[in-house]
Amino acid sequence: MVKLTFYGHAAVGLDDGTNNVLIDPFLTGNPKAAVGADKVGANYVLISHGHGDHLGDVEAIAKRTGATIIANFEIATYLGNKGVSAHPLHIGGSVKLPLGKVKLTIAHHGSSFPDGSYAGNPCGFVVSMGGANIYHACDTGLFYDMKLFGERDPLDVALLPIGDNFTMGPEDAVIATEFLNPRVVIPVHYGTFDVIQQDPHQFKAMVESKTKARCIVLNPGESYTVNP
Ligand code: NI
Ligand code: MN
(Lines give C-alpha, C1' and ligand atoms only; values in the text may rest on other atoms or scores of the structure.)
(Ligands and ions follow the chains in the order given, each with its own letter.)
Protein backbone atom coordinates (compact mmCIF):
# COMPACT_ATOMS: atom_id res chain seq x y z
CA MET A 1 0.00 0.00 0.00
CA VAL A 2 1.27 3.45 -0.87
CA LYS A 3 -0.22 6.79 0.11
CA LEU A 4 0.21 9.09 -2.88
CA THR A 5 -0.11 12.79 -2.07
CA PHE A 6 -0.33 15.53 -4.70
CA TYR A 7 1.49 18.66 -3.49
CA GLY A 8 0.65 20.80 -6.54
CA HIS A 9 2.11 21.20 -10.08
CA ALA A 10 4.19 18.01 -10.60
CA ALA A 11 5.18 17.48 -6.95
CA VAL A 12 4.09 14.15 -5.53
CA GLY A 13 4.84 12.24 -2.34
CA LEU A 14 4.78 8.43 -2.09
CA ASP A 15 4.66 7.04 1.43
CA ASP A 16 4.57 3.31 2.23
CA GLY A 17 4.70 3.88 5.98
CA THR A 18 8.47 3.35 6.11
CA ASN A 19 9.83 5.25 3.15
CA ASN A 20 8.75 8.62 1.91
CA VAL A 21 9.62 9.45 -1.68
CA LEU A 22 9.19 13.02 -2.90
CA ILE A 23 9.20 13.76 -6.64
CA ASP A 24 9.93 17.19 -8.17
CA PRO A 25 9.42 19.32 -5.02
CA PHE A 26 8.60 22.74 -6.49
CA LEU A 27 6.95 24.34 -3.44
CA THR A 28 8.42 27.81 -2.81
CA GLY A 29 6.98 30.09 -5.50
CA ASN A 30 4.41 27.49 -6.55
CA PRO A 31 1.00 29.17 -6.28
CA LYS A 32 -0.62 25.73 -5.88
CA ALA A 33 1.80 24.31 -3.29
CA ALA A 34 -0.04 22.35 -0.61
CA VAL A 35 2.87 22.10 1.82
CA GLY A 36 5.89 24.22 2.73
CA ALA A 37 9.43 23.20 1.87
CA ASP A 38 10.18 23.46 5.61
CA LYS A 39 7.47 20.91 6.48
CA VAL A 40 7.44 18.25 3.79
CA GLY A 41 8.89 14.87 4.73
CA ALA A 42 11.18 12.78 2.55
CA ASN A 43 13.93 10.22 2.74
CA TYR A 44 14.35 10.11 -1.04
CA VAL A 45 13.87 13.01 -3.45
CA LEU A 46 13.58 12.25 -7.17
CA ILE A 47 14.36 15.05 -9.62
CA SER A 48 13.26 14.64 -13.25
CA HIS A 49 15.11 17.58 -14.84
CA GLY A 50 16.77 20.89 -14.09
CA HIS A 51 13.88 23.31 -14.70
CA GLY A 52 12.98 25.40 -11.66
CA ASP A 53 9.41 24.08 -11.46
CA HIS A 54 10.87 20.58 -10.80
CA LEU A 55 14.21 21.16 -9.08
CA GLY A 56 12.31 23.46 -6.72
CA ASP A 57 13.35 23.25 -3.08
CA VAL A 58 15.36 20.05 -3.41
CA GLU A 59 18.53 21.43 -1.86
CA ALA A 60 16.86 22.86 1.25
CA ILE A 61 14.70 19.74 1.70
CA ALA A 62 17.66 17.37 1.34
CA LYS A 63 19.73 19.41 3.79
CA ARG A 64 16.92 19.53 6.37
CA THR A 65 15.78 15.90 6.07
CA GLY A 66 19.02 14.16 5.08
CA ALA A 67 17.14 12.62 2.15
CA THR A 68 19.04 10.97 -0.68
CA ILE A 69 18.48 12.55 -4.07
CA ILE A 70 18.01 10.33 -7.10
CA ALA A 71 18.47 11.98 -10.48
CA ASN A 72 20.42 11.73 -13.69
CA PHE A 73 24.20 11.86 -13.42
CA GLU A 74 24.45 15.58 -14.21
CA ILE A 75 21.88 16.68 -11.62
CA ALA A 76 23.16 14.22 -9.01
CA THR A 77 26.68 15.60 -9.49
CA TYR A 78 25.48 19.23 -9.32
CA LEU A 79 23.55 18.60 -6.10
CA GLY A 80 26.23 16.31 -4.65
CA ASN A 81 28.68 19.22 -5.01
CA LYS A 82 26.36 21.25 -2.78
CA GLY A 83 26.90 18.78 0.03
CA VAL A 84 23.78 16.64 -0.14
CA SER A 85 23.63 12.89 -0.65
CA ALA A 86 22.82 12.03 -4.25
CA HIS A 87 22.65 8.79 -6.21
CA PRO A 88 23.18 9.10 -9.97
CA LEU A 89 21.21 7.02 -12.47
CA HIS A 90 20.63 7.36 -16.16
CA ILE A 91 17.95 6.52 -18.68
CA GLY A 92 16.97 2.86 -18.57
CA GLY A 93 18.91 2.27 -15.38
CA SER A 94 17.36 1.35 -12.06
CA VAL A 95 18.52 1.03 -8.49
CA LYS A 96 17.29 -1.34 -5.80
CA LEU A 97 16.77 0.48 -2.51
CA PRO A 98 15.27 -0.40 0.87
CA LEU A 99 11.99 1.02 -0.45
CA GLY A 100 11.93 -1.09 -3.63
CA LYS A 101 13.18 0.08 -7.01
CA VAL A 102 13.50 3.34 -8.90
CA LYS A 103 13.99 3.34 -12.68
CA LEU A 104 14.69 6.28 -14.96
CA THR A 105 12.69 6.40 -18.19
CA ILE A 106 13.00 8.60 -21.24
CA ALA A 107 11.10 11.88 -21.43
CA HIS A 108 10.98 14.23 -24.41
CA HIS A 109 11.62 17.69 -23.03
CA GLY A 110 14.54 19.99 -22.19
CA SER A 111 16.71 20.11 -19.11
CA SER A 112 18.85 23.02 -18.00
CA PHE A 113 19.44 24.46 -14.55
CA PRO A 114 17.85 27.82 -13.72
CA ASP A 115 21.21 29.50 -14.50
CA GLY A 116 21.14 27.98 -18.00
CA SER A 117 23.83 25.35 -17.42
CA TYR A 118 23.51 21.80 -18.69
CA ALA A 119 21.45 19.42 -16.56
CA GLY A 120 21.61 16.28 -18.70
CA ASN A 121 18.56 14.66 -20.26
CA PRO A 122 15.12 14.94 -18.71
CA CYS A 123 13.52 11.74 -17.44
CA GLY A 124 10.45 10.15 -15.94
CA PHE A 125 10.37 7.52 -13.19
CA VAL A 126 8.92 4.11 -12.50
CA VAL A 127 8.87 3.70 -8.73
CA SER A 128 8.19 0.19 -7.44
CA MET A 129 7.34 0.27 -3.73
CA GLY A 130 4.72 -1.09 -1.36
CA GLY A 131 3.82 -3.71 -3.98
CA ALA A 132 2.83 -1.03 -6.51
CA ASN A 133 4.37 0.24 -9.75
CA ILE A 134 3.90 3.98 -10.10
CA TYR A 135 4.98 5.88 -13.22
CA HIS A 136 5.51 9.63 -13.13
CA ALA A 137 5.99 10.85 -16.71
CA CYS A 138 7.23 14.25 -15.44
CA ASP A 139 7.61 16.77 -18.30
CA THR A 140 7.25 15.12 -21.68
CA GLY A 141 5.38 14.96 -24.91
CA LEU A 142 3.61 11.80 -25.98
CA PHE A 143 5.81 9.00 -27.26
CA TYR A 144 5.01 5.51 -28.47
CA ASP A 145 7.64 3.81 -26.26
CA MET A 146 5.35 4.45 -23.29
CA LYS A 147 3.82 1.11 -24.31
CA LEU A 148 7.00 -0.60 -23.13
CA PHE A 149 6.80 0.82 -19.63
CA GLY A 150 3.40 -0.70 -18.89
CA GLU A 151 4.38 -4.00 -20.52
CA ARG A 152 7.61 -4.20 -18.50
CA ASP A 153 6.12 -3.15 -15.16
CA PRO A 154 2.29 -3.37 -15.09
CA LEU A 155 1.29 0.01 -13.74
CA ASP A 156 -0.99 0.66 -10.81
CA VAL A 157 -0.80 4.42 -11.30
CA ALA A 158 0.39 6.74 -14.07
CA LEU A 159 0.91 10.42 -13.25
CA LEU A 160 0.63 12.33 -16.52
CA PRO A 161 1.04 16.01 -17.38
CA ILE A 162 -2.03 17.48 -19.08
CA GLY A 163 -1.15 21.19 -19.14
CA ASP A 164 -0.17 21.36 -22.82
CA ASN A 165 2.19 24.14 -23.99
CA PHE A 166 5.32 22.73 -22.23
CA THR A 167 4.20 19.07 -22.12
CA MET A 168 1.52 16.92 -23.67
CA GLY A 169 -2.01 18.19 -23.34
CA PRO A 170 -5.18 16.31 -22.38
CA GLU A 171 -5.82 14.62 -25.75
CA ASP A 172 -2.28 13.25 -25.96
CA ALA A 173 -2.44 12.22 -22.29
CA VAL A 174 -5.48 10.08 -23.14
CA ILE A 175 -3.41 8.33 -25.83
CA ALA A 176 -0.57 7.98 -23.30
CA THR A 177 -3.06 6.28 -20.98
CA GLU A 178 -3.94 3.81 -23.76
CA PHE A 179 -0.23 3.09 -24.30
CA LEU A 180 0.64 2.72 -20.59
CA ASN A 181 -2.52 0.81 -19.63
CA PRO A 182 -2.41 1.75 -15.92
CA ARG A 183 -5.22 0.91 -13.49
CA VAL A 184 -5.40 4.56 -12.44
CA VAL A 185 -4.29 7.79 -14.10
CA ILE A 186 -3.77 11.03 -12.15
CA PRO A 187 -3.38 14.32 -14.06
CA VAL A 188 -0.62 16.74 -13.01
CA HIS A 189 1.28 19.78 -14.39
CA TYR A 190 -1.79 21.92 -15.11
CA GLY A 191 -3.43 24.99 -13.61
CA THR A 192 -0.27 26.35 -11.99
CA PHE A 193 0.33 29.06 -14.59
CA ASP A 194 -1.90 30.82 -17.14
CA VAL A 195 -0.47 28.93 -20.12
CA ILE A 196 -1.21 25.48 -18.66
CA GLN A 197 -4.83 25.93 -17.57
CA GLN A 198 -6.88 22.77 -18.20
CA ASP A 199 -10.07 21.19 -16.89
CA PRO A 200 -9.02 17.92 -15.20
CA HIS A 201 -12.64 16.75 -15.00
CA GLN A 202 -12.96 17.00 -18.78
CA PHE A 203 -9.76 14.92 -18.98
CA LYS A 204 -11.25 12.39 -16.56
CA ALA A 205 -14.37 12.07 -18.74
CA MET A 206 -12.21 11.47 -21.84
CA VAL A 207 -9.99 8.90 -20.08
CA GLU A 208 -12.89 6.95 -18.67
CA SER A 209 -14.81 6.88 -21.97
CA LYS A 210 -11.82 5.98 -24.16
CA THR A 211 -9.58 3.76 -21.99
CA LYS A 212 -9.91 1.08 -19.31
CA ALA A 213 -8.25 3.28 -16.68
CA ARG A 214 -9.92 5.10 -13.82
CA CYS A 215 -8.97 8.75 -13.52
CA ILE A 216 -8.48 10.26 -10.07
CA VAL A 217 -8.40 14.06 -9.92
CA LEU A 218 -6.53 15.24 -6.83
CA ASN A 219 -6.59 18.82 -5.59
CA PRO A 220 -3.25 19.96 -4.14
CA GLY A 221 -2.98 18.46 -0.66
CA GLU A 222 -5.22 15.48 -1.43
CA SER A 223 -4.07 11.87 -1.31
CA TYR A 224 -4.96 8.63 -3.06
CA THR A 225 -4.18 5.26 -1.48
CA VAL A 226 -2.68 2.84 -3.98
CA ASN A 227 -3.78 -0.68 -3.10
CA PRO A 228 -1.99 -3.00 -5.50
NI1 NI B 1 10.30 21.37 -17.63
MN1 MN C 1 7.57 21.67 -15.85
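- At distances below 3.5 Å, not a single donor-acceptor pair connects side-chain atoms of T5 with backbone N or O atoms of S223.
- Without hydrogens or angle criteria, R64 side chain to A37 main chain gives a donor-acceptor distance under 3.5 Å.
- Across every non-hydrogen atom of G130 and P228, the tightest pair is O-CG, 3.4 Å.
- F193 and H9 have their aromatic ring centers within a separation under 6.0 angstrom.
- T140 contributes atom OG1, which lies 7.5 Å from atom CD1 of I106 (distance to the nearest 0.5 angstrom).
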Open item on the list: For a salt bridge (Lys or Arg N to Asp or Glu O under 4.0 Å) check, start with the C-alpha distance between K147 and E151, then their side-chain angles and the critical distance, and finish with the verdict.
Closed with: CA-CA 6 Å; K147 275 178 172 275; E151 285 170 12; 5.4 Å; no
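- Listed here is the closest heavy atom pair of A11 and P25: CB-CA, 4.2 Å.
- With D57 contributing its side chain and A60 its backbone, the two residues share no donor-acceptor pair below 3.5 Å.
- Without hydrogens or angle criteria, S117 side chain to F113 main chain gives no donor-acceptor distance under 3.5 Å.
- Of all the heavy atoms in D156 and A132, the pair that sits closest is OD2-CA, 3.2 Å.
- Counting heavy atoms from C-beta on, the side chains of L14 and Y44 never come closer than 4.5 Å.
- Side-chain contact between F203 and V174 is present, with at least one heavy-atom pair separated by less than 4.5 Å.
- Between the K204 side chain and the C215 main chain, a donor and an acceptor come within less than 3.5 Å of each other.
- Looking only at side-chain heavy atoms (C-beta outward), L97 and N19 stay at 4.5 Å or farther from each other.
- Nearest heavy-atom pair, P161 versus C138, reported as atom, atom and distance to 0.1 Å: CG-O, 3.3 Å.
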TODO: Evaluate side-chain contact (heavy atoms from CB on, under 4.5 Å) for I23 paired with S48, printing each intermediate quantity in order.
DONE: CA-CA 8 Å; I23 305 176; S48 66; 5.8 Å; no
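- When all heavy atoms are compared, the tightest approach of Q198 to I162 is CG-O, 3.1 Å.
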Task: Evaluation steps, side-chain contact (heavy atoms from CB on, under 4.5 Å), between I186 and V12 - done: CA-CA 11 Å; I186 299 175; V12 170; over 6 Å; no
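- Residues Y78 and I69 share a single hydrophobic cluster, defined by chaining ILVMFWY side chains whose heavy atoms lie under 4.5 Å apart.
- Around NZ of K212, the count of heavy atoms belonging to other residues, nucleotides or ligands within 6.0 Å does not exceed 12.
- Residues H54 and H189 place their aromatic rings such that the two centres sit under 6.0 Å apart.
- Rounded to the nearest 0.5 angstrom, L79 CG and L55 CG are separated by 6.0 Å.
- Although no hydrogens or angles enter the test, the distance criterion places no donor-acceptor pair under 3.5 Å between the side chain of N30 and the main chain of T192.
- When the options L22, D24, V127 are evaluated for a side-chain contact (heavy atoms from CB on, under 4.5 Å) with L46, the one that passes is V127.
- Y7 and G13 get closest at one heavy-atom pair: CE1-N, 3.6 Å.
- Hydrophobic cluster membership is shared by V102 and V226, with clusters built from Ile, Leu, Val, Met, Phe, Trp and Tyr side chains linked at under 4.5 angstrom.
- No side-chain heavy atom of D139 sits under 4.5 Å from any side-chain heavy atom of P122.
- For the atom pair NZ of K96 and OG of S128, the computed distance is 9.5 Å after rounding to the nearest 0.5 Å.
- The CG atom of D53 sits 12.0 Å away from the CG atom of L27 when rounded to the nearest 0.5 Å.
- The backbone N or O of N20 sits less than 3.5 Å from a side-chain atom of N43, completing a donor-acceptor pair.
- Within the 4.5 Å cutoff, the side chain of T18 has no heavy atoms near those of the L99 side chain.
- Note: K101 NZ to N133 CG = 7.5 Å, rounded to the nearest 0.5 Å.
- Proximity of H51 to S112: side-chain heavy atoms (C-beta onward) are separated by under 4.5 Å at one or more points.
- T68 places no side-chain N or O within 3.5 Å of a backbone atom of S85 that could act as its donor or acceptor partner.
- With hydrophobic clusters built from ILVMFWY side chains whose heavy atoms lie under 4.5 angstrom apart, V207 shares a cluster with L155.
- Between M206 and P170, the closest side-chain pair of non-hydrogen atoms falls below 4.5 Å.
- The closest donor-acceptor contact from the side chain of T211 to the backbone of E208 lies at 3.5 Å or more, if one exists at all.
- Atom CG of residue L4 and atom NE2 of residue H136 lie 8.5 Å apart, to the nearest 0.5 angstrom.
- A donor-acceptor pair under 3.5 Å links the side-chain atoms of N72 to the main chain of N121, judged by distance alone.
- By the rule that hydrophobic residues join a cluster once side-chain heavy atoms approach within less than 4.5 Å of another member, V84 and I61 end up as members of one cluster.
- In terms of hydrophobic clustering, with Ile, Leu, Val, Met, Phe, Trp and Tyr side chains grouped at heavy-atom distances under 4.5 Å, L104 and V21 are assigned to a common cluster.
- Inter-residue side-chain proximity for M168 and I175 is flagged as unmet; no heavy-atom pair is nearer than 4.5 Å.
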Open item on the list: With side-chain contact (heavy atoms from CB on, under 4.5 Å) as the criterion, how do M146 and Y135 come out once you've worked through the C-alpha distance, each side chain's angles and the decisive distance to 0.1 Å?
Closed with: CA-CA 10 Å; M146 284 180 171; Y135 170 60; 3.8 Å; yes
